[in-house]
Amino acid sequence: MAAARKHKRMAASQPGFLSFNSGLDGNSSDIKRRKRVNKNKKKNWNKYSDIQDVEEFLDDVRLQEKAAGGLIAEKPDASLFFVDTGEKDKETQPQTTVKKGKRSKPLRIDLILQPDSRIPAPKNVLAFQQPNAKKQRRMAEKAARLAAMGVLPRREKLLQLRRAAAASGLPVKETPVANNNPARAFYDLWSAGTPEMADPYYLEQTKQKLVKRPDRLNEKPSVLPAIEVVGPGGSYNPDFFSHQDLLREAHEVEVKKLKAEERLARQLAVKEDIATEESSFKEQVEGLIEEGDVEPEEPEGGSEDTVIGPTATQEKKTEKQRRKEKAQRIKELRRKAERQMIDKQQQLFQLRSIRANLKTQEQRTKQRQAQRKANQEAQKSMPRRLGRLKFQAPDLDVQLSHELAGSLRGLKPEGSILKDRFMSLQKRNLIEPRERAKFKRKYKVKYSEKRAFREIV
Amino acid sequence: MGGLQKKKYESGSATNYITRNKARKKLSLSLADFRRLCILKGIYPHEPKHKKKVNKGSTAPRTFYLLKDIRFLLHEPIVGKFREYKIFVRKLRKAYGKAEWGGVERLKENKPVYKLDHIIKERYPTFIDALRDVDDSLSMCFLFSTFARTGKCHVQTIQLCRRLSVEWMNYIISSRSLRKVFLSIKGIYYQAEVLGQTITWIIPYQFAHDHPTDVDYRVMATFTEFYTTLLGFVNFRLYQTLNLVYPPKLDGQGEISLKSEFEEDYALESESYTEKLSALSASLARMVPSAEEEETELDHFPTEGEDLEKMEVREKMEQEQIKQKKFFEGLKFFLNREVPRESLAFVIRCFGGEVSWDKSLCIGSTYDATDETITHHIVDRPSIDKQYINRYYIQPQWVYDSVNAKILLPVEEYFLGVTLPPHLSPFVEETEGDYVPPEKLKLMALQRGEKPQTEEDEEEEEEEEEEEEEDDDDEEDDQSEEEDEANLAEMEDKRSRGKSLSVKVTPGKAKAENRKRAAEEEKAEEKRLAIMMMKKREKYLYDKIMFGKKRNVREANKLAAKRKAHDDASKEDKKKKKKKC
C-alpha cells in the first residue's frame, strides 16, 4: 500500500499531471493556525496532521482509475482521443430491417446496477483457499515419489484391474445373489482346487481359512434313516393281511393311550368315602368325649423308669473279675482262630461249589454287560430328551378298510408329508421338540353390545 | 490338611456343556438366528448324561449344547452376516417409517446376503459324503416345490426347489438309476441307486396340501435353504459325471419335437423352457454328443478256476441289470388326463419308454392319442368310449408294479375296470420262513421265468399247492429229524434195558439201491451226527434257532391258512353275487 501511495504521490508531483477536480485546489489553500500538540503520540498524528490535499489527490487518482482504467497521464494519446470525421456510417446501417424485440434490450434498472468501474473487484482470498492444502500437497508429493518407483495407489490399481476384467469379457463385479434365487448358478464344489502354499496359521489368523470342523460333529445324533418307508400296509392298494397288521398296530397304540388316560382318571378320581355328616361330627368330637378316661399320669411313670436305667453308682470290678474276663477274652480269640483254621481246611473241600459260584457270578456279569450294551445300542435310535418337551411319536397314518380307494384316481392322501418330515427331524435329534407358541392376551376382552343391536333385542 | 476346598460345578460335565440361552448370548444372536445358525452348521443339542450336574443342581428341563461346539460356531463368518442383516432390517424399518423411498431403494439394493457354499464344503468334505445325505434334501425340495404360493414361504424358494427337483428327475432319467417305486397313502416313495448309493425320497401327491399348523415353518425353511444349496452342487456334479450340460438343456431333437404353436397358452416366453424341461418327455443335451450310450463292459482279467465262474455269474448279472434298465424300451405310452402325469412320465422315461399326453393337459406332449404306434394307453376310469384295437388300455398301477418286478407283467389283471391286485411294497424284504403274500409268490415265479396259467383260479390253486408243498417240505424235514431221534432213543432204551434183543435170521432181500435216496440219507445222517457232536452251549443256541424258525413257519402257515379261508369266503361271495345276477 505504502509503495502504491508513494508512486501516486510521485505522479502528482510531476509537472504534466492533470487533476480531474483541479478547481478545488484554490479552496483548500486558506491557512489555519496550527495548533500545538505533542507529536509523540500516534493519535495526535492522525488528529492534527492535515492530509486533506493527499486525500483529494488520492480520490482523484481513484476516480481516474475507475473511469479510465488507469491514470490518464500515462495513457497513450490514441486511447484518449479520436479524429472525428463526421457521420457517414449512419446511412449504411439498416435501420428498420432488424427490429429488435423488447428482450434484446436490457432493462434500465439492470443497466444502473451494472458496475461501471474499470477496476476489477478484488478477489475473495478465503473463497479460493483449500483446506488441508499442505497435507494434500505432501500426499501428492509422496504419490509422485511412489509413482516414480513404480508403486501405484490402490484406487489406480483397482481401476486397472477392472479395466482388465472388462477387456477379458468377464462381468465387472459379481453382485451377490441371494441363496434362494431360482436362477442362481452352481459350480463344482468338490473339485480339487490349488492347494494353499501359505502358512496355515497365517491363513487362519487372517480369516482366509476356516477353522477345521471337529470330526465329532460329522457323526449323526441318531442312527435312524432319513426316510423311513411305511410298511406294506401303507400301500394305497394294500395286501389284505399287511393292511390288517397295520390296523392292529394302530389299534394297539390307541389302546395304550386309552389305558394311560384311564389310569390317570382313576388316580385323579375322588375317593369313595366322602365325609358324611356323621363322620364329620365324629371327627369334630374326637378326643373330647374320652378325655376323662385317659390317664395323664402314665408318661410320668415312664420317665421315672428311664431315669433309673444308667446307674451312676457302679461298683469297681474286683481283681478276680478282671482276671476272669481276660481269660474269657483269650479263650474267645483262640476259639475264633481255631474256627478259622477249620474253615480254611473245609474250604478245600468246598472248591467245587466255590468254582460254581464264581462261574455263576461271571455269567451274571457277562449277561449284564450284554444287556447294557444292547440297551446302549437301542438308545442310539431313540429320541433324546433335548428340551422342555418330550418327543411324542405322531399318530400312525392309517386308512380304514372302507376308506381305501380301489384306484389311484380315487385315492385320498393321508397325513401330511410336511408334518412327517418335521417329526422325523425331531426323532433324529436334529432339533428339539417344540410346540406352537400359545397366544396369550395381555388384557381381558371387554364385550359391549352396540347400541343399534341393543335396540333390536 | 492341604489344598483349597474344591468348589462344585467348576469342572467336569458342568463345564463341558452350555445352555442354549448362554450360547445365544455368547454369540450375541437372537434365538431365531441362533436356531438358523445351528441348523446350517449342523450343530445339534446334546443330552448330557447327568443333567443335574450339568444344570448346576437344578432339575429344570433345558436344552444343552456342547461348549466346544459353540466355540467352533464363534469362528463362523455368517454370524457377522446375521448381525448385518439385523441392522439392515432396522434401517429399512426406519426408512419406511420416515417414508424415505429413496433410502428404501438404496437399502434394498445393498441387502446383505450370505453364502452357504463353504459350510457345505465343510460338512461334506467329499462328494460321496454329500450324496449319502441327499435323501433329506430331496424329500424337502420335492415337498417345497409342490407348495402353493400363498406366503407360507418365499416364492423364490419354491421356484428354486422346483428347478432342483426337475434337474434331479432328469438326471435319474438319463442315468437310468431308478430301482423301486411305492405308492403309499402318504405319498410316492422312490428309490434310486446313484453311484453305488441307495437314495430314497418321497414325493407328495399333487394337490394334497393342507398346511398343518403345528409345524414350525421357519425351521423348515432354514433346512430347505441348506438343502437346496446342497442339492444344487450335487446336481452339478452328477450332471458332470454323465457329461450332461448343466444347467440342463434339451437336446436338438427334443427341442424340435417339443416345439408347438400353442406354447403361449401354457407359459410365458421366459418360463416355457423350464416348463418343457419339467415335462420330462425329452432327453437332455450332452457336452460331447456321444454315439448313443456307451454300454459299460466289465474289465476282463485273466483268472482261473472259481474266479472265472464268479466272473461269469457277475457278467450275467450285469447284463441282466442292463436289460432291466431299459425294459420299457420300444413301448409307447399315452397318459389319459386323469392319471398322475409327472410321476408316470418320470417312471416310464426312467426305463426307456416313450410317453406323451394330451396337448391340452401339459406342455411337452410329443404325439397324439390318435397315434397308431401307441402300445399302452394308461387310463384310470371305469370305461372309455373310443378304443383302438392295437393298444392295451391299462390302469396306472401296471407301470409301478412292472417297475418293482423288473419285468413286463401280464396286462390282463390291469385292464380297464378290473379289480386290481394289491400293490405290494418293494421295500419289504422277506427272510426265510416269513409269511409271503401269494401275490408276491406269483411275482417271484414270474421273475424266474415260469409261465403263469391263463385261468385265474387254476393259478391260485397252483400257488396254494406250491405253498403247501413248501410247507410240507419243511414239516417233513422236521418230522424226519424227530423220527430219527425217536428211533435212536428207542434203540438206546432197549440196549440199556438190554440183554435179550429178539434176534432172528431171515433170508435177505436184494435192496433196490436208490442212489439219490442214499445220498440224501447220508446227508441227513451227517447232519444228525453234527448236531450230536455239538457242545452244550452251541446245542442250546442251535435249538433256540431251530425253535425260532419253526415258530416263524408255524405263524406263516397260520397266516396262509387264514388267507385261504379269506379267499374262499370272498370267492363264495362272488359266486353268490353272480348267481344273484
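Values in this document were obtained by computation on a predicted structure and should not be read as measured data. Below, chains carry the letters A, B, ... as their sequence lines are ordered, and counting in each starts from 1.
- Minimum heavy-atom separation, S407(A) to Q395(B): CB-OE1, 4.4 Å.
- Taking a 6.0 Å sphere around CD of Q392(A), one finds it holds 12 or fewer heavy atoms contributed by other residues, nucleotides or ligands.
- In terms of heavy-atom pairs under 4.5 Å with chain B, the best-connected choice from R216(A), R434(A), Q399(A) is R434(A).
- Looking at K212(A) and E204(A), no side-chain N of the basic residue comes within less than 4.0 Å of a carboxylate O on the acidic one, giving no salt bridge.
- Top candidate by heavy-atom pairs under 4.5 Å with chain A, chosen from R162(B), Q191(B), R35(B), H46(B), is R35(B).
- With a 4.5 Å cut-off on non-hydrogen atoms, P340(B) touches chain A through its side chain but not through its backbone.
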Please test E122(B) against K41(B) for salt bridge (charged side-chain N to carboxylate O under 4.0 Å, His left out), starting from the C-alpha separation and ending with a verdict.
CA-CA 9 Å; E122(B) 180 187 284; K41(B) 286 287 275 183; 2.7 Å; yes
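- The list of salt bridge (charged side-chain N to carboxylate O under 4.0 Å, His left out) pairs with a residue in residues 218-236 of chain B, not counting sequence neighbours, is empty.
- Put simply, of L425(A), L389(A), L404(A), the one with the most heavy-atom pairs under 4.5 Å next to chain B is L425(A).
- Looking at E362(A) and K359(A), no side-chain N of the basic residue comes within less than 4.0 Å of a carboxylate O on the acidic one, giving no salt bridge.
- Scanning all heavy atoms of the two residues, the minimum distance from Y205(B) to S184(B) falls at OH-O, 2.8 Å.
- Taking 4.0 Å as the cut-off between side-chain N and carboxylate O, E432(A) and R385(A) do not count as a salt-bridged pair.
- Note on E167(B) versus R163(B): salt bridge recorded, some NZ/NE/NH1/NH2 to OD/OE distance being below 4.0 Å.
- Contact annotation for Y400(B): only side-chain heavy atoms (C-beta onward) come within less than 4.5 Å of a heavy atom of chain A.
- Of the atoms belonging to Y217(B), it is side-chain heavy atoms, and not backbone ones, that fall under 4.5 Å from chain A.
- Salt-bridge annotation for R213(A) and D69(B): absent, with no side-chain N of the basic residue lying under 4.0 Å from a carboxylate O of the acidic one.
- Annotation: maximal heavy-atom pairing with chain A below 4.5 Å, among I158(B), V155(B), L116(B), L164(B), occurs at L116(B).
- Proximity to chain A (any heavy atom under 4.5 Å) is shown, for P45(B), by both the backbone and the side chain.
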Working note: Q397(B) + Y236(A), criterion side-chain contact (heavy atoms from CB on, under 4.5 Å); need CA distance, chi angles, decisive distance, verdict.
CA-CA 10 Å; Q397(B) 197 188 317; Y236(A) 92 101; 2.9 Å; yes
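- Heavy-atom minimum distance, G415(A) versus D397(A): CA-OD1, 3.8 Å.
- For F233(B), the parts sitting under 4.5 Å from any heavy atom of chain A are the backbone and the side chain alike.
- Taking 4.5 Å as the heavy-atom cut-off, the residues of residues 178-190 of chain A that approach chain B are A178(A), N179(A), N180(A), N181(A), P182(A), A183(A), R184(A), F186(A), Y187(A), D188(A), L189(A), W190(A), ordered by number.
- In this structure, no portion of T224(B) lies under 4.5 Å from any heavy atom of chain A.
- Between the side chain of R384(A) and the main chain of E47(B), no donor-acceptor pair closer than 3.5 Å is present.
- Among the candidates L411(A), I227(A), V229(A), V398(A), the residue making the largest number of heavy-atom pairs closer than 4.5 Å to chain B is V229(A).
- For a residue to count as touching a neighbouring chain, one of its non-hydrogen atoms must lie under 4.5 Å from one of that chain's; by this rule R20(B) touches chain A with the side chain only.
- Cation-pi geometry between K180(B) and F427(B) is met: the NZ or CZ atom falls under 6.0 Å from the ring centre, inside 45° of the normal.
- In this structure, no portion of K111(B) lies under 4.5 Å from any heavy atom of chain A.
- Your options are F144(B), F64(B), W201(B), Y124(B), and the one with the most heavy-atom pairs under 4.5 Å with chain A is Y124(B).
- Smallest separation of non-hydrogen atoms from P238(A) and P232(A): CB-O, 4.0 Å.
- Counting heavy-atom pairs under 4.5 Å between each of E414(A), M423(A), R436(A) and chain B puts E414(A) at the top.
- Only the side chain of H566(B) has a heavy atom closer than 4.5 Å to any heavy atom of chain A.
- For chain A, the nearby parts of F127(B) are the backbone and the side chain; heavy atoms of each come within less than 4.5 Å.
- Proximity to chain A is absent for every atom of L138(B), based on heavy atoms less than 4.5 angstrom apart.
- The pair E338(B)-R409(A) does not count as a salt bridge, with every side-chain nitrogen at least 4.0 angstrom from each carboxylate oxygen.
- When the candidates D216(B), T200(B), I202(B) are compared by the number of heavy-atom contacts under 4.5 Å with chain A, D216(B) comes out ahead.
- Of the listed residues (V428(B), T229(B), V234(B), L424(B)), the one with the most heavy-atom contacts under 4.5 Å to chain A is T229(B).
- Proximity to chain A involves both the backbone and the side chain of R563(B), based on heavy atoms less than 4.5 angstrom apart.
- Contacts of R123(B) with chain A are made by both backbone and side-chain atoms, with heavy-atom separations under 4.5 Å.
- With chain A as the partner, the residue from L183(B), T213(B), L559(B) showing the most heavy-atom pairs under 4.5 Å is L183(B).
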